[in-house]
Number of protein chains: 2
Amino acid sequence: MAKIDDVARKAGVSKGTVSNVFSQKRPTSKKVTERVLKASRELNYVPNHIARSLVTKKTMAIGLTVPHGNFFFSSFHTQFINGVILEASTFGYRVLLDMISTKEVQTPTLASYPIDGAIVLGPTEEDERIEMLHRHQIPFVTVGKIMNADVEDGLTVNNDNERILRDIVEYLTSLGHRDILFLNAGKRMTVAAERKQAFEEALRERGIEPLPAMVHYKPPLHSDAYIKYGYDEVAHALGTLKQKVTAVIADDDRTALSAMNAIKDAGLRVPEDISMFVICGDQSMMHQTTPSLTGMDLQPSELGVRAVRLLMHQLGVLEGEYSRNWIVDSSIIVRHSCLPV
Amino acid sequence: MAKIDDVARKAGVSKGTVSNVFSQKRPTSKKVTERVLKASRELNYVPNHIARSLVTKKTMAIGLTVPHGNFFFSSFHTQFINGVILEASTFGYRVLLDMISTKEVQTPTLASYPIDGAIVLGPTEEDERIEMLHRHQIPFVTVGKIMNADVEDGLTVNNDNERILRDIVEYLTSLGHRDILFLNAGKRMTVAAERKQAFEEALRERGIEPLPAMVHYKPPLHSDAYIKYGYDEVAHALGTLKQKVTAVIADDDRTALSAMNAIKDAGLRVPEDISMFVICGDQSMMHQTTPSLTGMDLQPSELGVRAVRLLMHQLGVLEGEYSRNWIVDSSIIVRHSCLPV
DNA sequence: CTGAAAGCGCTTACAG
DNA sequence: CTGAAAGCGCTTACAG
């Protein structure tokens, strides 16, 4: 690989000048620029990103910090990442999929993060990744509320989960539903905590006493229960518990389909006997199922875009005022899976 | 941030020694090691990855090269990436989501790739990304056949697409199907070319003349036709063309659901009137639909693992013999969407 | 607008 | 097992 000295020699200029034509940080005269570019082309020269990073202290990469080992991209993540990639490339940033475990952080063989900042997916209540980023003073934004005790005033993008659950409860109760089974996200997710609280508050405001048995959390990935999440909970409620259920709120589309199978196996129908509402599903998938699924559109891609912008602000790449906690709009898309009682 | 000199001074050793305890490339005595580790801890020292890379010429990152701008993760990609991430972390490698467009490559502001090697997703017939990697002599492996004219004997992982299509045709014809509509992958994908050829050959071997109208390609992302892929083609065949169709082979689960809606709207049923077969779908999704979907299990996660291993061989990280074209097993999972004619 | 020189924070022969 | 010194390939004040 040709290096900057080779180009400088061939073009008859100093390497500082070669540096300038590539970085465009200082102006270079037209003829010198052309000489340099010509020499570079002939030598197949490309600036060494690593060497540049060492002096500029910038890697031009952001980390997408996902939980190590037990992570699985849902359609939500998928669209979120699409938003992140597209927006990051706008600023010339690359995206590093980062799934460092805490174990590795302790191990001395590991080097510093070659990233300028991070986006944390699916924060948990005491999130080790957040703690680590905070300790190493790496700028980050989380997708969802931060509940780490030692982190205050962190940057976040989020949907308005409280409002979302209120809207859902209002929608379902306006259809006459009072016996609502809630298949929530994973237990330690901060989003699950936000949702649960809002769900129960909204019920109480309508004079409905929330039952503990009516709220469930997505089991950990790789557990047997994970695959059957939705089916088991509904089957148990309808069968063993003989619990009256007229509506189900499902975390995602797969959970909803799973729950619908339990409903069918119990000899009931969606939506005639039980309504189904999806919080965090793939819109095109929800559109194609039978019946098509009513649910929220959380705009995951927009969340990704906003997460990047917030990080760019933090990194000083983007100028101007900005809110440290950006809320992305969400709306109910009514299809055919909810009916009045 | 503390640097190696600070630690060396504090521990009373040379920086070469500090380097050794972190890189573990040369042995260090126990007491020196402990002194260094203690000093590092107190100074909160972590080796600078960039500086290390500059001299070792290794970034310890591999690029996941996805098409720029019009990429969308399917469940297949999602699971593939899970495999890549997990396996890469095994070797201490990180994964960079790379979606560089050819435009950027021409622009002089861009620096060299900070990656040691790349995995190319969804190669097309004359793939620009492959051409570029080849030109810059960056080691890479593609997921799927390489059809670039100037690249010979490239590293690939793949399913046996020819065999897969033969198996599918054999399965469907054994059920008596002769009028099979094929909803293939995107037009310029090498996988689509492989599949089409095998599909038509397998039909001919059974005395069935393949009809051009019975093979369709997934439209480009962001086109109006993309969203309705499956629905439109089936509706057109059944309606306007009055084409006899007793079975449909769909590229993925979403396409299958979409096609099933067209079938329903035409007053027909799956599987009683038309059988549905999915090549590249999400197994848990296919398990949950009604009817559950019969199709291939392509083991996308295993493809990811193998892609990483192949790259590690190429990078000299993994020793020993290896095949330059690794085939991952696939099998038909029979569920409830295919019936005899 | 251009050049000469120092420096970014590590690793690695080389010598002991 | 340890140290002193050169070098990885750039950028950046500083001087002109």
Side-chain angles (χ1 to χ4, degrees), chain A residues 1-37 39-40 43-61 92 108-116 136-138, chain B residues 1-37 39-40 43-61 92 108-116 136:
Chain A
M1 285 261 87
K3 31 201 209 181
I4 200 168
D5 303 78
D6 303 326
V7 177
R9 204 173 309 123
K10 180 142 191 162
V13 295
S14 74
K15 43 191 228 179
T17 300
V18 177
S19 173
N20 291 153
V21 351
F22 280 94
S23 72
Q24 300 182 350
K25 293 200 178 171
R26 294 193 305 185
T28 42
S29 70
K30 201 167 177 184
K31 56 181 161 196
V32 167
T33 305
E34 274 166 16
R35 276 223 309 281
V36 169
L37 253 25
S40 308
L43 293 169
N44 219 339
Y45 170 73
V46 185
N48 182 315
H49 188 252
I50 303 290
R52 179 183 283 175
S53 286
L54 183 56
V55 23
T56 60
K57 309 286 186 203
K58 289 184 183 181
T59 64
M60 299 307 280
T109 54
L110 195 81
S112 67
Y113 274 25
I115 54 174
D116 295 338
H136 286 271
Q137 301 182 50
I138 297 170
Chain B
M1 285 261 88
K3 32 201 207 182
I4 201 169
D5 304 78
D6 303 326
V7 177
R9 203 173 309 122
K10 180 143 191 163
V13 295
S14 74
K15 43 192 230 181
T17 300
V18 176
S19 173
N20 291 153
V21 352
F22 279 95
S23 71
Q24 299 182 350
K25 293 200 177 173
R26 294 193 305 185
T28 42
S29 71
K30 199 165 176 186
K31 55 182 162 196
V32 167
T33 305
E34 273 165 16
R35 277 224 308 281
V36 169
L37 254 24
S40 308
L43 294 169
N44 219 339
Y45 170 74
V46 186
N48 181 316
H49 187 253
I50 303 290
R52 178 182 284 175
S53 286
L54 184 56
V55 23
T56 60
K57 310 286 186 200
K58 288 184 184 184
T59 63
M60 298 306 281
T109 53
L110 194 82
S112 68
Y113 274 23
I115 53 174
D116 296 336
H136 286 271

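Within every chain, numbering begins at 1; the chains are lettered A, B, ... in the order of the sequence lines, protein sequences first and strands thereafter. Just so it is clear, the model here is predicted, and its values are computed rather than measured.
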Q | Nearest to side-chain heavy atoms of Val55(B), which nucleotide of dG9(C), dT2(D), dT11(D) | A | dG9(C)

Q.
Heavy-atom nearest nucleotide on DNA chain D for Leu54(B) versus Thr28(B): which residue maps closer to 5'?
A. Thr28(B)

Q. Should Arg9(B) and Asp6(B) count as an ion pair when the cut-off is N to O under 4.0 Å?
A. yes

(Q) Students often get this wrong, so: under 4.0 angstrom with heavy atoms, is Val13(A) touching a base, only sugar-phosphate, or nothing? (A) sugar-phosphate

Q. Side chain of Arg9(B), base of dG3(D): donor and acceptor closer than 3.5 Å?
A. no

(Q) So Lys15(B), base contact, sugar-phosphate only, or nothing? Heavy-atom distance under 4.0 Å. (A) base

Q. Taking NE2 from His49(B) and C1' from dC10(C), how many angstroms apart are they, rounded to a whole number?
A. 12 Å

(Q) Has Ser40(B) got a side-chain atom pairing as donor or acceptor with Val36(B)'s backbone, closer than 3.5 angstrom? (A) yes

Q: Using the C1' atom on both, measure dG16(D) against dT12(D) and round to a whole Å.
A: 16 Å

(Q) Here's a test of your reading of the structure: between Gly16(B) and Lys57(B), which maps to the more 5' nucleotide of DNA chain D? (A) Gly16(B)

Q) Between Arg26(A) (CZ) and dC1(C) (C1'), how many Å, whole number? A) 9 Å

**Q.** Asn48(B) side chain, from C-beta outward: closest of dC10(C), dC8(D), dT2(C)
**A.** dC10(C)

